[in-house]
Amino acid sequence: MKQSKYYKEQMDDKNLKKYFDEVRNENYDKTFNKTKYFILEKSQNSEQMKLTDKIKNLFLLNKLKLAIVVMIALFVAACNYPVNSVNTLGYLVTFNSGKENVQMISKEIEKLILNNTYSLKINKSKENPEHTAEFYLMLQNTNEQDARIIQNKIGLISGVENLNLTALTESHSQPVYAYALKNFLNLNIDPSNKSNESLTQEINNNLKQAGMVNTSVKVVDDSGKRRLILENLGAEDNFEIKLGDDKTMDVMKIRQLKSGDLNTETIKTEEEMREKVKQENPDLKDDDIKIIKEKDENGKDVFKVEISKED
Amino acid sequence: MITDSNEFFEYLKPVYSDCIRFCKYLTKDLNKFNYEDVFQQSMLIACEKFNTLIDKSKFKSWMFTIILRESKNFYRKNFWRKFISIEDSPETLNLEYTQDTIEDIDKKNLLITALNKLSKKEKESILLFELGGFSIEEIKDIQNEKSLSSVKSRLSSSRKKLLHFIIKNKTDYNSNNRETLEDETIKILQRTNG
């Protein structure tokens with residue numbers, strides 16, 4: 001048995017040897033001189049070649065590579081080019097009324113705007129200080145549609161004149177890439193030697209710089225740990241904040257999804273959305289996910305998903 | 001460099017055919033690649049760097065190392081070559097071997113196909129051993145391996161794979177290439193008739 005195995009191996013080796021022998025028989029000695037002169041000519045040309053020719057050759061042989069490098073360089077430069085973006089901070093409703101109506105109008109406005117996200121200032125009119133008052137109603141955390149509804153309702157109050165609505169905007173300059181990344185901000189904050197107040201200020205400043213002016217976060221102490229609490233959330237603001245080191249880290253991840261995101265066309269309920277989010281992020285538990293179903297401006301269902309994960 | 005070039009070609013002459021065969025079977029993928037490009041580039045580099053070779057007794061292994069490195073570069077750069085127009089391509093050597101019979105061509109094509117089924121390292125080892133005539137110790141140094149056993153086991157597995165492929169495909173390969181053989185015969189007849 002052993003002998004037959006040995007015999008087979010010997011035969012196999014011979015068989016393979018035949019193939020390599022065929023190759024070993026290829027003799028190229030006749031081409032030696034041709035190669036020799038070709039190489040000598042090429043190397044002499046290469047030595048004599050002027051620097052400009054070398055550069056020309058480099059461009060000719062690498063023109064696609066160079067084109068790609070130039071395109072990437074242009075893209076990076078374009079991304080760093082500053083662009084102006086305008087953020088709406090709120091809406092200002094101004095109107096006039098007779099002095100006798102000031103108290104009544106103030107009360108009506110109080111009834112009209114229930115969530116206290118406004119400030120009202122009443123001045124004497126410059127043109128007719130004896131009889132007319134000027135109202136300045138500042139609406140915060142509201143969109144244009146809601147502001148117009150409030151404007152229309154104020155217009156129905158008797159005695160209101162010269163009613164106007166103005167958007168309060170802030171214009172600032174930032175690189176294109178920062179503008180493009182505005183929809184998702186990543187913040188890593190080191191809390192060592194900092195008070196809760198200064199951390200809160202630092203985080204909110206970062207959010208503001210990223211264009212998330214309507215979002216605010218607060219840092220509080222909870223059982224000896226620093227925790228992040230979401231105070232206000234601006235529409236379409238998405239971010240992740242990591243506070244602390246690996247052991248004591250508190251993470252707040254906010255990603256607001258519309259029905260079109262994550263292929264949610266078939267999702268109708270909050271529970272279905274929760275399952276979908278868990279599918280996409282298997283490391284999340286039920287407690288980490290908060291889902292709010294709302295209607296957007298067009299009457300479509302919008303799911304707000306808040307993920308708060310503690311590592 | 002010119003003063004050393006004559007010495008370079010003296011050293012090259014005895015190993016010249018070995019170098020071409022090694023380069024050809026290392027890079028040839030059934031005519032998809034032009035092995036002459038790799039050979040030519042390797043020769044130019046070797047000619048330029050010849051004075052840096054201190055121990056001239058290691059000329060052969062030094063040459064084969066250059067060919068190995070250039071073949072790797074060639075594979076890496078092959079993607080970009082697709083975009084270079086024919087006018088921009090530099091002139092290359094023609095080292096076509098024309099003394100093969102149709103049967104030899106079949107055998108060699110089968111061997112090339114079998115070699116291309118091996119991994120790069122396996123292919124390099126077997127070609128260094130069979131065509132370069134290097135010992136296992138020398139192959140270990142050329143391939144920067146740490147132990148002899150890894151080279152030995154690689155050679156053994158490469159042989160098995162090659163044999164397995166050749167035995168399995170020998171009959172199929174010949175029958176599949178019948179049309180090519182006929183074409184080749186017609187071409188030879190046409191050449192003979194002028």
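Labels below follow one simple rule: chain letters A, B, ... track the order of the sequence lines, proteins then strands, and each chain is numbered from 1.
- The shortest heavy-atom contact between B:Leu44 and A:Ile39 is CD2-O, 3.9 Å.
- The two residues A:Tyr19 and B:Leu111 make their nearest non-hydrogen contact at O-CD2, 4.0 Å.
- Looking at A:Glu26 and B:Arg21, no side-chain N of the basic residue comes within less than 4.0 Å of a carboxylate O on the acidic one, giving no salt bridge.
- Distance check, rounded to the nearest 0.5 Å: OG of B:Ser17 to CG of A:Asn25 gives 11.0 Å.
- Side chain to side chain, A:Lys36 and B:Tyr16 fail the donor-acceptor criterion of an N or O pair below 3.5 Å.
- By the 6.0 Å contact criterion, NZ on B:Lys160 is open, its count of non-hydrogen atoms from other residues, nucleotides or ligands being 12 or less.
- Counting heavy-atom neighbours within 6.0 Å of B:Lys56 NZ, excluding the residue itself, gives a total above 12.
- Taking non-hydrogen atoms and a 4.5 Å limit, the residue list of residues 127-151 of chain B in contact with chain A, ordered by number, reads B:Leu127, B:Glu130, B:Leu131.
- One distance of note links CD of A:Glu22 with CG of B:Asp106; it measures 11.0 Å at 0.5 Å rounding.
- The shortest distance between side-chain heavy atoms of A:Phe20 and B:Leu162 falls below 4.5 Å.
- Rounding to the nearest 0.5 angstrom, the gap separating the CD atom in B:Gln41 from the NZ atom in A:Lys42 is 9.0 Å.
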Would you be so kind as to tabulate the donor-acceptor pairs closer than 3.5 Å made by side chains of residues 8-15 of chain B, with sequence neighbours excluded?
none

